[in-house]
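One structure is given below, encoded as structure tokens.
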Amino acid sequence: MSLAPTHTTPRGQVVLQPTYFTCSLFVDPAREDIDHLIRVYVERYARSQLLQPFVLFKDIWNNQGWTWLHFKVFDARSRDAFLRITMQLFSERLVESEYPLTRAVALFGLYTFFATQPTTSAPPLHTLAHLPMTIDMYQSLLKLPDVLATDFLQPIRPHVIYVLSALQKAQFFHILPPSNLYPLSPRELPREKFVSDVTDGYEQVAYATANAIKKKGRPSKHDKVKKSKDAVIALDKWLDKTAYTYQPPRATSAEAPQPVTTHILLSHPPSTTRNNYRAKKSELLEKLEPDYPYVTTEGLGRAALERANLGVVNRLQKIDEEAAAKGMEIGGEGGERTGLRRVERAADELGKIGSLGGRGGLLGLLEGAGIGQP
């Protein structure tokens with residue numbers, strides 16, 4: 001008896017492409033989920049009197065359903081992108097500009113997501129053994145336990161030390177060049193922006209395009225006021241988002257102090273960004289005046305610096321005059337360390353060897369140019 005021929009090709013399966021995990025459809029919701037995880041932990045940690053920080057983290061991790069995240073993707077190619085991007089999103093919250101407790105929670109999330117990858121499934125699932133990380137981020141991460149040496153954060157410090165040692169023992173970090181060289185791939189997330197192609201999407205894009213058309217001529221007074229208000233509102237939202245409240249240490253035989261609300265940049269200045277700025281500034285000044293301070297004639301580099309300093313000072317003087325006409329004062333809260341007078345003194349120091357602003361004028365404000373002179 002002959003058998004009828006049949007096809008042996010299995011039915012096709014829908015597979016998410018790796019580019020899905022680098023686009024805004026995945027990146028934006030994932031960032032919101034990570035932010036929610038961190039926020040819930042910080043709130044419960046501040047209220048809890050238990051000295052088991054990682055037990056608290058595991059409880060939140062399980063309750064929010066992070067346990068099942070590894071079963072989102074099974075295709076090896078797509079799974080590699082999924083694991084890598086998710087871990088990269090966790091590592092974004094490890095930067096020095098974040099509150100130390102936020103950095104610790106992000107490290108817990110990164111470690112837990114890495115350590116809970118299924119390794120005994122059949123058929124086996126693809127796992128990620130290493131995460132690319134820039135050398136400055138890695139060095140900053142190693143110093144995290146030192147930042148947690150306060151009474152409020154002391155209980156979490158041993159767990160952070162253990163997690164770091166476990167990741168180092170697993171050779172988890174794949175070290176890349178400094179972040180100012182942008183060695184990560186993709187360079188920034190999300191790499192692709194999703195725009196809906198339905199009717200509502202067309203209407204939104206058409207409306208945004210119509211509003212984005214630049215008017216001819218100078219902006220009206222109404223446009224200037226609206227732009228200023230929008231900038232102030234955006235700044236207020238950013239300050240609210242980056243502010244945090246912490247509990248000061250309690251002195252012996254004294255009442256518990258009130259919680260203090262401050263900004264992250266006041267307590268943890270972005271030293272990496274500052275060092276990058278100084279390096280770029282030194283490189284610029286070296287190209288403009290490579291022989292400084294042994295300069296016999298004024299060259300093109302010095303002339304460019306003088307024009308730039310003069311332009312900034314003139315612009316600030318005009319702003320100050322307009323503010324004074326309206327009864328306002330700009331930058332006078334810090335005395336001799338702030339305001340227009342200091343800017344003018346720093347610009348005057350340009351070319352005076354031995355002064356803090358002698359080489360760059362206004363470019364020496366970070367080093368103290370314009371301070372201490374009558």
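Residues take their numbers from the sequence shown, with the count starting at 1.
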Ion pair check, [X] and [Y], cut-off under 4.0 Å:
{"X": "Lys143", "Y": "Glu96", "result": "no"}
{"X": "Glu32", "Y": "Arg39", "result": "no"}
{"X": "Asp223", "Y": "Lys227", "result": "no"}
{"X": "Arg103", "Y": "Glu98", "result": "no"}

[X] (side chain) donor-acceptor with [Y] (main chain) under 3.5 angstrom:
{"X": "Asn63", "Y": "Asp59", "answer": "yes"}
{"X": "Asn309", "Y": "Leu362", "answer": "yes"}
{"X": "Asp136", "Y": "Pro178", "answer": "no"}
{"X": "Gln117", "Y": "His70", "answer": "no"}

Kindly determine whether Leu350 and Arg359 satisfy side-chain contact (heavy atoms from CB on, under 4.5 Å), including the steps that lead there. CA-CA 6 Å; Leu350 180 63; Arg359 186 168 192 183; over 6 Å; no
Chi angles and distances behind the side-chain contact (heavy atoms from CB on, under 4.5 Å) call for Gln154, Leu148: CA-CA 6 Å; Gln154 185 65 34; Leu148 303 175; over 6 Å; no
Does the gap between the ring centers of Phe74 and His126 come in under 6.0 Å? no
is_close_aromatic(Phe152, Tyr45), centroid dist under 6.0 Å: yes
Could you state the interatomic distance from [atom1] ([X]) to [atom2] ([Y]), rounded to the nearest 0.5 Å?
{"X": "Arg315", "Y": "Leu310", "atom1": "CZ", "atom2": "CG", "value": "14.0 Å"}
{"X": "Phe113", "Y": "Trp66", "atom1": "CZ", "atom2": "CH2", "value": "8.0 Å"}
{"X": "Arg157", "Y": "Thr150", "atom1": "CZ", "atom2": "OG1", "value": "10.0 Å"}
{"X": "Lys287", "Y": "Ser282", "atom1": "NZ", "atom2": "OG", "value": "12.5 Å"}
{"X": "Leu167", "Y": "Phe173", "atom1": "CG", "atom2": "CZ", "value": "4.5 Å"}
{"X": "Ser24", "Y": "Glu192", "atom1": "OG", "atom2": "CD", "value": "8.5 Å"}

Begin from the C-alpha positions of Thr86 and Phe26 and carry the test side-chain contact (heavy atoms from CB on, under 4.5 Å) through to its verdict. CA-CA 9 Å; Thr86 304; Phe26 176 79; 3.5 Å; yes
Under a single-linkage definition using a 4.5 Å side-chain heavy-atom cutoff for Ile, Leu, Val, Met, Phe, Trp and Tyr, are [X] and [Y] assigned to the same hydrophobic cluster?
{"X": "Leu142", "Y": "Ile161", "value": "no"}
{"X": "Tyr162", "Y": "Leu144", "value": "yes"}
{"X": "Leu184", "Y": "Leu141", "value": "no"}
{"X": "Val343", "Y": "Tyr277", "value": "no"}
{"X": "Leu125", "Y": "Phe114", "value": "no"}

Test item: [X] and [Y] side chains (from C-beta on) under 4.5 Å apart, heavy atoms:
{"X": "Tyr41", "Y": "Pro53", "value": "yes"}
{"X": "Leu176", "Y": "Met133", "value": "no"}
{"X": "Thr112", "Y": "Lys58", "value": "no"}
{"X": "Leu189", "Y": "Leu89", "value": "yes"}
{"X": "Leu94", "Y": "Leu110", "value": "yes"}
{"X": "Leu153", "Y": "Pro100", "value": "yes"}
{"X": "Leu363", "Y": "Leu305", "value": "yes"}
{"X": "Leu365", "Y": "Leu356", "value": "no"}

Are more than 12 heavy atoms from other residues, nucleotides or ligands located less than 6.0 Å from atom [atom1] of [X]?
{"X": "Tyr182", "atom1": "OH", "answer": "no"}
{"X": "Arg278", "atom1": "CZ", "answer": "yes"}
{"X": "Leu300", "atom1": "CG", "answer": "no"}

Kindly indicate, with the supporting measurements, whether the criterion salt bridge (Lys or Arg N to Asp or Glu O under 4.0 Å) is fulfilled by Glu367 and Lys281. CA-CA 12 Å; Glu367 286 74 23; Lys281 181 175 67 176; 2.8 Å; yes
Establish, from distance only, whether the side-chain atoms of Gln17 and Ser78 form a donor-acceptor pair under 3.5 Å.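 Ser78 and Gln17 do not have a side-chain donor-acceptor pair below 3.5 Å.
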What closest approach, in Å, do [X] and [Y] show between heavy atoms, and which atom pair accounts for it?
{"X": "Arg342", "Y": "Ala369", "result": "NE-O, 2.9 Å"}
{"X": "His159", "Y": "Pro155", "result": "CD2-O, 3.3 Å"}
{"X": "Ile38", "Y": "Ala106", "result": "CD1-CB, 4.4 Å"}
{"X": "Arg79", "Y": "Pro118", "result": "NH2-CD, 3.7 Å"}

Can you sort out the partners of Thr67 under side-chain hydrogen bond (donor to acceptor under 3.5 Å, both in side chains), two or more places apart, ordered by chain and number?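 Scan of Thr67 (side-chain hydrogen bond (donor to acceptor under 3.5 Å, both in side chains), adjacent residues dropped) gives Asn62.
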When you look at Phe54 and Tyr111, which way does the side-chain contact (heavy atoms from CB on, under 4.5 Å) test go after all the steps? CA-CA 11 Å; Phe54 197 74; Tyr111 167 73; 4.2 Å; yes
List in chain and number order the residues that pass side-chain contact (heavy atoms from CB on, under 4.5 Å) with Gln317, two or more places apart in sequence or in another chain; answer none if no residue qualifies. Val313, Asn314, Leu340, Glu344
